[in-house]
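Order of the sequence lines sets the chain letters (A, B, ...), proteins ahead of strands, with each chain counted from 1. Just so it is clear, the values below take in all heavy atoms, side chains as well, and ignore hydrogens, waters and symmetry mates.
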Number of protein chains: 2
Amino acid sequence: MPTINDVAEAAGVSASTVSYVLSGKRSISAATRARVERAIEQLGYRPHAGARALASSRTNVLALMVPLRQSADVNVIMDFVGAVATRARRHDHDVLLLTQDETTGLERVTGGSLVDALIVMDIELDDPRVDVLARLGRPTVLIGVPRDPRGLSCVDFDFGGAVGTAVEHLAALGHRGIGFVGSSPDAVARRAGYAVRVRDGFRAAVAAAGVAGAMSPVEASLPGARAALAAVRAEVPDLTGLVVHNEGALPSVLAVLAEEGTRVPQDVSVVSIEAADASQHLPGRPTSIDLPSLEVGTAAVDMVMARLEGSVAPETRLVPATLTDRGTTAPPRRGGRAGTRRVSPSRRR
Amino acid sequence: MPTINDVAEAAGVSASTVSYVLSGKRSISAATRARVERAIEQLGYRPHAGARALASSRTNVLALMVPLRQSADVNVIMDFVGAVATRARRHDHDVLLLTQDETTGLERVTGGSLVDALIVMDIELDDPRVDVLARLGRPTVLIGVPRDPRGLSCVDFDFGGAVGTAVEHLAALGHRGIGFVGSSPDAVARRAGYAVRVRDGFRAAVAAAGVAGAMSPVEASLPGARAALAAVRAEVPDLTGLVVHNEGALPSVLAVLAEEGTRVPQDVSVVSIEAADASQHLPGRPTSIDLPSLEVGTAAVDMVMARLEGSVAPETRLVPATLTDRGTTAPPRRGGRAGTRRVSPSRRR
DNA sequence: CTGAAAGCGCTAACAC
DNA sequence: GTGTTAGCGCTTTCAG
């Protein structure tokens, strides 16, 4: 591998000039620059990352801590990881992968000066890693909003806004009784982060729209779906709108409606809150609020880079979701010829 | 951050002694070692990765190139990535993430001495990256076996063995007519790597068992499944055994059998070849040959490390799959009380 | 607009 | 068993 000195010699300049050509940190005459660039080209020169890191205290690598086991939706994670990797390259950075189960990973890579920024996924409401990260004092972005971010920046889906949009959409169509079936009880218990925001968002939206609302968790199974539907209907008897925030349980919910003979959207309108990108093109999906995993990943990188470049204030950014109408919502009851498509009962995911 | 000199001073030794305590590359008296270790502990010392890389030409980082877009099974990829990351740590290495779409990534990270070994997923039969990798001259392991590995090591599932095991299992039960429905036509066309091995494996196994066999590709849809079944039955009229190598199409195949009134396993025995770990615990899965993504990831790391440590010969390792009986195979026709469970028609995945 | 030179923190001969 | 020292390849003052 050629070194910066080889390049300097080939170009007939000093090593520092080559360095400055590369970094652009001082002005270089066009002629010199051309000679240097040509030498770099010819020799196939690449700066040695370690040497550069040693001299500059910048590694141009950012760490991404990913939940690998058991975790929620693999598609979302992959989309997200892809977005981070892609965006990081645009900031001239590479991505070092850290896994959840290696608890000391964060200390190791920062202490060892392997990376100069951190993005940590899947932050829970009282995540113990937040303390660690705050102590490390590196530019950090949390995916998910903990109770106390301790001066760190956060990004997440705007769950509150998403459920609000869903409710508003249904209310605008004329629905007066709206049910929400959400995460499994365990999920809620485990990392109530978004669950809280969803709950508050639903309550606020229902109140603002002046409609009746009821919430229930739901397990991803037919009995689970039956129970959840029964629960919200018990509370709101004239329920005609349904917001589902549980991709796993969605098929069961639709299957239960079908087996009851409840037509969608003629009898009940359905809006699903789910990850964008994942299985985006599958036929037969309901109207949905799409959570933009890609945009969250991109935002996370931009935010962490901003802090690296010296931006001072930590920020919390909630990326809005948008509604995609796929014909599973319509005005309630006798509302003329309502939606177009109807949900086929035996659909699979 | 404390440096090695701080540690040396605190311990009352020279910097090189600290270095040798850390590397174990020469013997140190117990007393000295204890003092050094205590100083390291107290100061919270971590060697600077860049400095170490510069001095030793070893980064302790390996690059993993992952297919991010469109790719086959996300679950498999995640399992695999997890296995690589975990195993790499046991070799005291970290993992740098490279994505498929950044074509120059491999040159960049090797040229820049960012990593000292490479694992590249999703290698196709005539993958252009193989040439590049061979030229780079770093320890490399390919996931997937190209037509010409050009001196690089490869790991992959033993697809040939997997289909062989499936056929043998069915033949041993007494089946004399066995069908194989496999990847979608496009997949086969695109990266015929494993498709070829599957085909040859099936042919060989069928011949060895002395039974009749027929193969067909299959699309992941009900019409696709019908067509594939018709195709293999046309060739083997008394077909009683079915091997499915297409996780996406499996539900459709089972649904078609159910709608025909064909009982599993009484009328037809079914074996699926699919990724292990992914949705391992879902109920209602058929007897399967499980492709061990986790083991392939682990093997990939071990192999690349072996080459880093100086092992000379490149090797190609095919990780065997094992059969898990879930009661969807039984002796054909009047064969007494056959399998136990039966496949429910409306199952989802 | 360009060079010379002093490190960055560590490893690995080379000494004893 | 331990210390001394010369780099590894780059960035960045300091000088001109």
Polar side-chain atom of B:Thr104 near backbone of B:Glu107 as donor-acceptor pair, under 3.5 Å
no
At a 4.0 Å cut-off to heavy atoms of chain B, the contacted part of DNA chain C spans C:dG9 to C:dC14
Might you list the N or O atoms of the protein lying below 3.5 Å from N or O atoms in nucleotides 7-9 of chain D, with each pair's distance?
{"from": "D:dC8", "atom 1": "O2", "to": "B:Ala55", "atom 2": "N", "distance (Å)": "3.3"}
{"from": "D:dG9", "atom 1": "N2", "to": "A:Ala51", "atom 2": "O", "distance (Å)": "3.4"}

Check whether any side-chain nitrogen or oxygen of B:Thr32 sits under 4.0 Å from OP1 or OP2 of D:dT2, and answer yes or no.
yes
Can you list everything that forms a salt bridge (Lys or Arg N to Asp or Glu O under 4.0 Å) with A:Asp131? Sequence neighbours excluded, please.
A:Arg150
Heavy-atom side-chain contact between A:Leu114 and A:Thr59 under 4.5 Å
no
Between B:Glu9 (CD) and D:dT4 (P), how many Å, whole number?
13 Å
Does anything in residues 17-30 of chain B come within less than 4.0 Å of DNA chain C? Heavy atoms only, and list the residues if so.
B:Ser19, B:Tyr20, B:Lys25, B:Arg26
So does A:Glu102 pair up with A:Arg129, basic N to acidic O under 4.0 Å?
no
For the side chain to side chain contact (heavy atoms under 4.5 Å, CB included) test, which of A:Thr110, A:Val304, A:Leu133 pairs with A:Arg138?
A:Thr110
Using five pairs at either end of the helix from C:dC1-D:dG16 to C:dC16-D:dG1, determine the angle between the two local helix axes and round it to 10 degrees.
30°
Only distances under 3.5 Å count here; give the side-chain donor-acceptor pairs of residues 36-51 of chain B to other protein atoms, sequence neighbours excluded, each with its distance to 0.1 Å.
{"from": "B:His48", "atom 1": "ND1", "to": "B:Gly50", "atom 2": "N", "distance (Å)": "3.0"}
{"from": "B:His48", "atom 1": "ND1", "to": "B:Ala51", "atom 2": "N", "distance (Å)": "3.0"}

Is a side-chain donor-acceptor pair under 3.5 Å present for A:Thr17 with A:Ser14?
yes
Counting any heavy atom closer than 4.0 Å, what does A:Ser57 reach on the DNA or RNA strands: base, sugar-phosphate only, or nothing?
nothing
Touch check for B:Gly112, heavy atoms < 4.0 angstrom, all strands: base, sugar-phosphate only, or nothing?
nothing
